[in-house]
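Side chains are part of it too, since the values below use all heavy atoms of this structure and drop only hydrogens, waters and symmetry mates. Protein chains get the first letters and strands the later ones, always in sequence-line order, with residue 1 at the start of each. Quick caveat: nothing in here was measured; it's all calculated off a predicted structure.
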There are 2 protein chains.
Amino acid sequence: MSTDEESGTRSRTRRAVLAAAAQTLSRDRSATLADIAYAADVSRSTLHRYFSDRDELVAAVVEDSLRVLEESVAAAAIHEGPAIEALRRLVTALVDVGDRLMFLFGDPRVLDGGGGAVDPQESVVDLVRRGRAEGVFDPELSPRWIEQVLHALVYTGVTEAAEGALPRHGVAALVTRTLEHGIGGVRS
Amino acid sequence: MSTDEESGTRSRTRRAVLAAAAQTLSRDRSATLADIAYAADVSRSTLHRYFSDRDELVAAVVEDSLRVLEESVAAAAIHEGPAIEALRRLVTALVDVGDRLMFLFGDPRVLDGGGGAVDPQESVVDLVRRGRAEGVFDPELSPRWIEQVLHALVYTGVTEAAEGALPRHGVAALVTRTLEHGIGGVRS
DNA sequence: CCTCTTTGGGACACGGGAGTCCCAAAAATG
DNA sequence: CATTTTTGGGACTCCCGTGTCCCAAAGAGG
């Protein structure tokens, strides 16, 4: 669980493979290990040295992506301040880790086990509840639905940006605006 | 292009395979032909008799799904009446063909060639433009973005329903409400 | 009831991805 | 500069999905 102190060149290579795998697999979940190795600028042999199994690699990517995601969300401090402000910070945080998010969405449907949504972020659920309590979220929408919508819009925004249909910097604002007011605009 | 009059038992089998393929592939785009055959309650041999190639099968499913989708959208008559009303009918139409939509989303990203969105529905683009002209859609949101959001929310709604987290009948209304006002509710 | 169609399922070959092993070269480390 | 670590890449086997063929059985249709 703690740092295995594998450090040195190895740690860097592992990170590179992990990142490349996340990115490649997010685009094509059935990408070849050779593809991933190529994207990581590493030979297939090397990849196998770090992750003997394909499953092992995928699992590692999931874990790593989850970690990155959680760090980003934690940094958004969504427990503080008004719900709407927190929501905006949350959206920004999610968009920032777009690549990892994309991967997390597309694969084993991370909610494998059972309960939670894609990310086990209990804090997001709390935020939604808080927003409802403050009266800034539509009380007719269930927390789960709101969370799903949040994910869907972030996903869409990140995808559009990845395809060049949207400038990177505008994504968070656009998602936030749409999330808050829908397509009807502020005066809806 | 017209009906090849292959009818008889054959036509029925073909439909069954197509439907099963759409459903199976929408859940797992890398499903085995054996899986699909099993889902269609048909032997692998039979499947090959109808679609010699995997690509051929996928192409057929895409074409068929597109046809079903277009029929549904056409029935919604989205050119008539106020944009908001038309939008509501459109959402309902899309939700109705949820299975096919799910498939269409997940596979070759039907926009292969180039321009349009997932569905070549020029009419949807028209609707968006009309809505903006009528002032009922946020003018700061691009038509493309609005269309993407529409797709994303429908997709989310259908998925939630498929997982039992939402009652089938409530989906269209929920999606429409969220689409129009976001999570902030009507008084946003 | 007989014939033609459609199906099931076994057997087979092919191809490609996955996983393993090994050795020489490159790079890091002290 | 010498040693150890890390890497690249070839060679090989195994497995599984795919596609093809064939024949006997079930079913449809007149």
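Rounded to a whole Å, the NE2 atom of A:His48 is 13 Å from the C1' atom of D:dC12. Counting to the nearest Å, the P atom of C:dG8 and the CZ atom of B:Arg49 are 8 Å from each other. The CG atom of A:Leu47 sits 17 Å away from the C1' atom of D:dG10 (whole-angstrom rounding). Here C:dT7 presents its C1' atom at 15 Å from CZ of B:Arg14, a figure rounded to the nearest Å. Distance, A:Arg10 CZ to D:dT6 P: 5 Å, rounded to whole Å. Taking atom CD1 on B:Ile36 and atom C1' on D:dT18, their separation rounds to 12 Å, with Å as the unit. For B:Glu56 and D:dT18, the CD to C1' distance is 14 Å, given to the nearest whole Å. Distance B:Phe51 CZ to D:dT20 P: 15 Å, rounded to the nearest Å.
Mapping A:Ser45 and A:Leu33 onto DNA chain C via the closest heavy atom, the residue that lands nearer the 5' end is A:Leu33. Of the residues near DNA chain D, A:Asp41 and B:Ser52, the one whose nearest nucleotide (by heavy atom distance) lies more toward the 5' end is A:Asp41. Judged by closest nucleotide on DNA chain D, B:Asp55 is the one of B:Arg12 and B:Asp55 placed further toward the 5' end.
You'll find that the side chain of A:Arg44 is closest to C:dA18, out of D:dG8, C:dA18, D:dG17. For B:Arg54, the listed nucleotide lying nearest its side chain is D:dT18; candidates were D:dC23, D:dT18, C:dG19. Of all nucleotides listed (D:dG19, C:dG9, D:dG17), C:dG9 comes nearest to the side chain of B:Ser43. When the nucleotides C:dT7, C:dG9, C:dG19 are ranked by their closest atom to the side chain of B:Thr46, C:dT7 comes out on top.
Between B:Thr13 and C:dT7 there is a side-chain N or O to OP1 or OP2 distance below 4.0 Å. Considering only side-chain N and O atoms, B:Thr9 lies nowhere under 4.0 angstrom from the phosphate OP1 or OP2 of C:dT6. OP1 or OP2 of D:dT7 has at least one side-chain nitrogen or oxygen of A:Tyr50 nearer than 4.0 Å.
Within the 3.5 Å criterion, the main-chain N or O of B:Val149 finds no donor-acceptor partner in the side chain of A:Thr156.
Rounded to the nearest 0.5 angstrom, B:Phe105 CZ and B:Tyr155 OH are separated by 8.0 Å.
In this structure, B:Arg130 forms no cation-pi arrangement with B:Phe137, as its terminal cationic atom is not both closer than 6.0 Å to the ring centre and no more than 45° off the ring axis.
Residue A:Tyr38 qualifies as open at atom OH: its count of foreign heavy atoms under 6.0 Å is 12 or below.
A salt bridge is absent between B:Arg67 and B:Glu63; no separation between the charged side-chain nitrogens and carboxylate oxygens falls under 4.0 Å.
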